[in-house]
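Report on the following structure.
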Amino acid sequence: MRQLSCLREKLGCLYGRKKFLSTVWRSYEKSKLYLNAAQVIEILHGIETPFIWQHDFQELSTWKIGTEFSESQLRAVYRYLLLKEAVGVEFSSYNGLFLTDKSRRFLSSLAPVFLSEHGSGQRKSRNY
C-alpha cells in the first residue's frame, strides 16, 4: 500500500510540473506577458482576479487544471523548476517567468520530482 502511495505522489509531482510549465507557456503565448509564480498558480487554481479577466486567462486550456495541488505544493514545484533551470525569471517584468531550453526535458520526461511530504519544500528549523 505504501508503494502505491509513493507512486501516486511521484505521478502527482510529474503532472504538477507539466501543468506549471504549460501554464507559463500558454499564458505567454496568449498575452505576450511574463506572469509571476503567484499568477501562474492563480490560473492553475482557477482564481478569478481583475488581472485574469483583463487578459482572458480563464480561456486558457490550463485554467483550473491544478486544483488537486495546494498552493504550497505548486510553489514547491516552482522552486524545483527554478532550481533545475527549467524556468527563468524576467526581473524587469515583475519577476515574470519564462521557459528556458531546459524546460523541454521536463515536459517530455517521466523522471519524478521529489518534494517533501507536505509539498512545502521547506526544511524544519534546527534548534541548536
Side-chain angles (χ1 to χ4, degrees):
M1 190 64 152
R2 175 72 180 134
Q3 289 176 334
L4 184 59
S5 175
C6 288
L7 178 62
R8 234 182 263 131
E9 289 173 19
K10 289 176 187 175
L11 286 175
C13 293
L14 168 70
Y15 295 127
R17 78 172 177 218
K18 287 185 176 191
K19 289 176 181 184
F20 196 94
L21 290 171
S22 293
T23 303
V24 170
W25 170 250
R26 292 177 191 283
S27 61
Y28 179 78
E29 190 177 46
K30 180 172 183 57
S31 67
K32 301 300 182 221
L33 295 172
Y34 294 112
L35 303 186
N36 62 39
Q39 292 165 326
V40 171
I41 292 170
E42 287 173 352
I43 292 171
L44 287 168
H45 279 171
I47 298 172
E48 299 174 4
T49 65
F51 180 81
I52 298 290
W53 284 102
Q54 178 184 358
H55 298 286
D56 293 324
F57 290 130
Q58 73 279 8
E59 296 175 3
L60 292 175
S61 61
T62 57
W63 174 256
K64 217 175 195 178
I65 64 167
T67 55
E68 73 271 24
F69 302 104
S70 69
E71 182 177 348
S72 64
Q73 287 172 320
L74 288 172
R75 287 193 178 281
V77 168
Y78 158 67
R79 286 190 298 270
Y80 177 84
L81 292 170
L82 193 60
L83 178 70
K84 296 296 183 177
E85 300 175 350
V87 293
V89 178
E90 180 61 50
F91 294 107
S92 64
S93 182
Y94 302 102
N95 298 331
L97 305 177
F98 61 90
L99 300 184
T100 67
D101 292 337
K102 294 182 181 182
S103 64
R104 182 170 295 157
R105 177 176 60 129
F106 290 95
L107 283 167
S108 62
S109 170
L110 294 178
V113 176
F114 296 101
L115 304 173
S116 66
E117 183 178 335
H118 299 288
S120 68
Q122 300 175 354
R123 293 182 181 185
K124 294 182 180 179
S125 64
R126 295 181 185 172
N127 296 328
Y128 291 105

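Trp25 and Leu82 fall within a single hydrophobic cluster, where Ile, Leu, Val, Met, Phe, Trp and Tyr side chains are chained together by heavy-atom contacts under 4.5 Å. Hydrophobic clustering, with ILVMFWY side chains joined whenever heavy atoms are under 4.5 angstrom apart, groups Leu81 together with Phe91. Val89 is not connected to Phe98 by any chain of hydrophobic side-chain contacts under 4.5 Å among Ile, Leu, Val, Met, Phe, Trp and Tyr, and they are in different clusters.
Under the side-chain hydrogen bond (donor to acceptor under 3.5 Å, both in side chains) criterion, no residue pair touches residues 31-52, with sequence neighbours excluded. Residues in residues 81-92 take part in these side-chain hydrogen bond (donor to acceptor under 3.5 Å, both in side chains) pairs, two or more places apart or across chains: Glu85-Lys102, Glu90-Ser92.
Distance alone, capped at 3.5 Å, places no donor-acceptor pair between the Lys64 side chain and the Ile43 backbone.
How far CG of Leu35 is from CD1 of Ile41: 11.5 Å, rounded to the nearest 0.5 Å. Here the CG-CG distance, from Leu97 to Leu33, works out to 12.5 Å after rounding to the nearest 0.5 Å. One finds the CD atom of Glu68 at 8.0 Å from the CG atom of Leu74 (value rounded to the nearest 0.5 Å). To the nearest 0.5 angstrom, Leu99 atom CG is 7.0 Å from Leu107 atom CG. In this structure, OH in Tyr28 is found 9.5 Å from OG in Ser93, a value given to the nearest 0.5 Å. Phe69 contributes atom CZ, which lies 15.5 Å from atom CZ of Arg75 (distance to the nearest 0.5 angstrom).
Shown here for Ile52 and Trp63, the closest heavy-atom pair between the two residues is CG2-CZ3, 3.4 Å. Between Phe57 and Ser27, the shortest heavy-atom contact is CE2-O, 3.7 Å. Pairing each heavy atom of Ala86 with each of Phe106, the nearest pair is CB-CD1, 3.5 Å. Nearest heavy atoms, Phe20 versus Val40: CE1-CG1, 3.7 Å.
Partners of Glu59 by salt bridge (Lys or Arg N to Asp or Glu O under 4.0 Å), not counting sequence neighbours, listed by chain and number: Lys30. Shown here are the side-chain hydrogen bond (donor to acceptor under 3.5 Å, both in side chains) partners of Thr23, two or more places apart in sequence or in another chain: Thr62.
Crowding of Phe51 atom CZ: a count of heavy atoms from other residues, nucleotides or ligands under 6.0 Å exceeding 12.
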